[in-house]
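Structure, as structure tokens:
FYI, the numbering just counts along the sequence from 1.
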Amino acid sequence: MARRLTPASVCVLFVAGTVGAAIVTLGAQTPVKAPQPSVTFTKDIAPILQRSCQSCHRPGQMAPMSLLTYQDIRPWVRSIKQRAQNREMPPWGIDPRVGIQSFKNDPSLRQDEIDKIVAWADAGAPMGNAADLPKPREFDDSSKWHIGRPDLIVTSPPHTVPAEAADWWGSYFVPTGLTEDRYIKAIESKAGQTAVVHHLLTYAVDGDDDIDSNGDDSSAESGQFLNEFAVGKNGDLFPEGSGRLLKAGSKIRFDFHYHSVGQEIVDRSQLGITLYPKGYVPKHIEYSKQLGQPTEPLDIPGGSAFVRSDGYTRFNKAGKITAFQPHMHTRGKRQCIELIYPDNKAEQISCADFTFNWHLVYAYADDAAPIYPAGTVLHVISWHDNSANKINPDPRNWVGSGNRTIDEMGFAWISWYDLTDDEYKQELDAKKGARKTTTTSQGQPQ
Ligand code: HEC
């Protein structure tokens with residue numbers, strides 16, 4: 001993975017130089033009885049690894065090594081420190097300094113946790129008192145469906161991942177067999193062989209659409225993003241009365257990134273769906289579409305490190321954005337979304353660093369999901385890096401727009417549902433009310 005010297009990593013390096021100060025501040029924030037002699041694995045680090053790392057870093061999962069025990073982590077201390085400092089692990093691109101910070105399933109490390117890891121690594125990674133060790137984390141049974149028994153299970157064809165091979169990006173199309181339009185109530189993707197499925201995203205496409213997208217989730221214009229397999233995620237259950245349309249005769253497109261792990265493994269993954277009863281139309285219909293396509297064809301000179309593209313989509317109805325997924329290719333570096341309201345005020349919603357290895361979906365927490373009035377424009381800003389700093393097929397090449405992995409893209413997958421103007425007003429008033437309450441109870445403005 002490319003080492004970037006972003007403003008964030010510069011700032012973290014500075015923190016590393018003032019570890020002592022950081023620890024004193026930590027002690028002052030959390031009331032502790034005795035002064036803390038040092039940061040230890042058993043007391044400070046193990047809980048962080050349990051929450052943010054072990055879902056992937058344990059036997060049988062996609063990550064290359066286990067981070068369950070002190071013996072497991074000991075050889076990796078320097079690398080753990082580096083990945084944590086650079087915010088490369090856990091994979092999570094959201095910029096903590098910009099916009100909304102409240103997401104479902106956010107595994108990212110807080111700055112004080114990163115400081116602890118750095119201080120602990122610099123102190124020689126002491127194990128500490130065995131009695132401090134938290135109980136081992138229990139993992140959900142990944143063989144069971146967390147959304148309940150699906151009404152429909154769609155299975156991808158067997159795919160053989162050789163013992164040693166380059167990473168494989170590609171798609172499979174499988175008919176749903178659905179003969180009438182139905183609305184999805186809950187949905188869950190289940191990787192068959194978690195060790196080799198690096199990521200899996202699923203889309204609903206019309207029956208006649210089966211162009212191989214070569215790992216690119218944008219060629220089927222009519223496609224609707226459905227769901228993502230993410231380690232530790234237990235499926236999406238839409239709030240009562242809301243759902244996603246699955247059309248009669250539609251197919252599921254499985255977009256895989258497979259990764260070899262030293263032994264030949266055959267994978268078949270599944271998408272499980274529970275449906276609302278026949279004829280039922282939910283009050284709120286969830287859409288997921290590619291929005292904010294660049295207004296101009298991309299024009300990215302060889303060796304250029306920071307090329308920007310902009311795209312705009314107008315929402316004709318009021319609504320609520322439930323999730324954001326940046327989409328670029330190998331030169332993608334960062335993407336931001338902002339809303340430009342009808343009164344021309346703009347608000348930054350989210351910025352996320354991007355790497356092609358991780359197609360992450362950022363689902364806003366229910367009470368933090370942004371709402372907007374009719375006539376609001378979504379502005380998508382993408383930055384592309386075609387320099388040797390980034391893992392790059394060839395930084396000497398000019399790159400333009402296109403569907404192949406070696407071409408570039410810059411749009412956002414946005415999930416949203418429409419609100420009536422009245423619903424929008426109600427939600428807005430509720431948000432204002434909530435803000436007022438927090439202000440009085442905490443004595444500080446939000
Ligand atoms: C979503 C799954 C996932 C999570 C969560 C995750 N990792 Fe990783 N990690 C990976 C994968 C896959 C790789 C190998 C590919 C890569 O290097 O990006 C990796 C690589 C690493 C490496 C580099 C190993 C090497 O070969 O040098 C380190 C160190 C690491 N992770 C530490 C962590 C730490 C610490 C956390 C938690 C704070 C964490 N990871 C959370 C999936 C994950």
Show the numbers, then the answer: is there a side chain to side chain contact (heavy atoms under 4.5 Å, CB included) between Ile117 and Leu109? CA-CA 10 Å; Ile117 291 176; Leu109 301 179; 3.9 Å; yes
Begin from the C-alpha positions of Tyr287 and Tyr417 and carry the test ring pair (Phe, Tyr, Trp, His ring centres under 6.0 Å) through to its verdict. CA-CA 6 Å; Tyr287 305 97; Tyr417 58 81; 9.3 Å; no
Audit row: Lys43, Asp132, salt bridge (charged side-chain N to carboxylate O under 4.0 Å, His left out) steps and yes/no: CA-CA 5 Å; Lys43 181 163 50 62; Asp132 290 336; 5.6 Å; no
Are [X] and [Y] close enough that some pair of their side-chain heavy atoms sits under 4.5 Å apart?
X	Y	result
Arg83	Ile80	no
Asp44	Phe41	no
Gln293	Gln290	yes
Pro395	Ser387	no
Gln325	Glu228	no
Thr330	Ile406	no
Ser66	His57	no

For [X], the option from [options] that meets ring-ring contact (aromatic ring centres under 6.0 Å, His included):
X	options	value
His327	Phe356, Phe225, Phe354, Phe411	Phe411
Tyr203	Trp413, Phe173, Tyr172	Trp413
His379	Tyr312, Phe315, Tyr372	Tyr312
His198	Phe256, Phe229, Tyr258, Trp358	Trp358

Quick check: Trp168 with His159 (ring centres under 6.0 Å apart)?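 Here the rings of Trp168 and His159 have centres that are less than 6.0 Å from each other.
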List the steps and the verdict of side chain to side chain contact (heavy atoms under 4.5 Å, CB included) for Gln193 and Val161. CA-CA 10 Å; Gln193 301 290 335; Val161 184; over 6 Å; no
Can you tell me if [X] and [Y] form a side-chain donor-acceptor pair at under 3.5 Å?
X	Y	value
Asn227	Thr202	no
Asn386	Trp398	no
Asp106	Ser108	yes
Ser350	Tyr364	yes
Asp151	Thr274	no
His329	Glu408	no
Asn86	Gln82	no

Polar side-chain atom of [X] near backbone of [Y] as donor-acceptor pair, under 3.5 Å:
X	Y	value
Thr313	Gly292	yes
Thr295	Gly311	no
Gln224	Leu246	no
Thr355	Asn357	yes
Glu188	Ile147	yes

List the atom of [X], the atom of [Y], and the distance in Å for their closest heavy-atom pair.
X	Y	value
Ala165	Ser260	N-OG, 3.3 Å
Leu68	Pro59	CD1-CD, 3.8 Å
Arg87	Gln111	NH2-OE1, 3.1 Å
Gly410	His384	CA-CE1, 4.3 Å
Leu178	Leu152	CD1-CD2, 4.3 Å
Pro90	Pro107	CG-O, 3.3 Å

Determine, stepwise, if the pair Val307 / Trp383 fulfils side chain to side chain contact (heavy atoms under 4.5 Å, CB included). CA-CA 5 Å; Val307 173; Trp383 283 274; over 6 Å; no
Between [X] and [Y], does any side-chain N to carboxylate O distance fall below 4.0 Å?
X	Y	value
Asp385	Lys390	no
Lys104	Asp366	yes
Asp206	Lys247	yes
Arg110	Glu113	yes
Arg253	Asp255	yes
Asp310	Arg308	yes
Arg244	Glu286	yes

Ring-face cation of Arg58 near Phe139 (centre distance under 6.0 Å, axis angle within 45°):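 Geometry flag: set, cation within 6.0 Å and 45°.
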Does the side chain to side chain contact (heavy atoms under 4.5 Å, CB included) test come out yes or no for Phe238 and Tyr183, once each step is laid out? CA-CA 11 Å; Phe238 297 121; Tyr183 284 91; over 6 Å; no
Looking at Val197, Val196, Thr160, which hits side-chain contact (heavy atoms from CB on, under 4.5 Å) with Ile265?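 Exactly one option meets the side-chain contact (heavy atoms from CB on, under 4.5 Å) with Ile265, and it is Val196.
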For the pair Asp267 and Ser269, evaluate side chain to side chain donor-acceptor pair (under 3.5 Å) and give the outcome as yes or no after the intermediate values. CA-CA 6 Å; Asp267 173 65; Ser269 292; 2.9 Å; yes
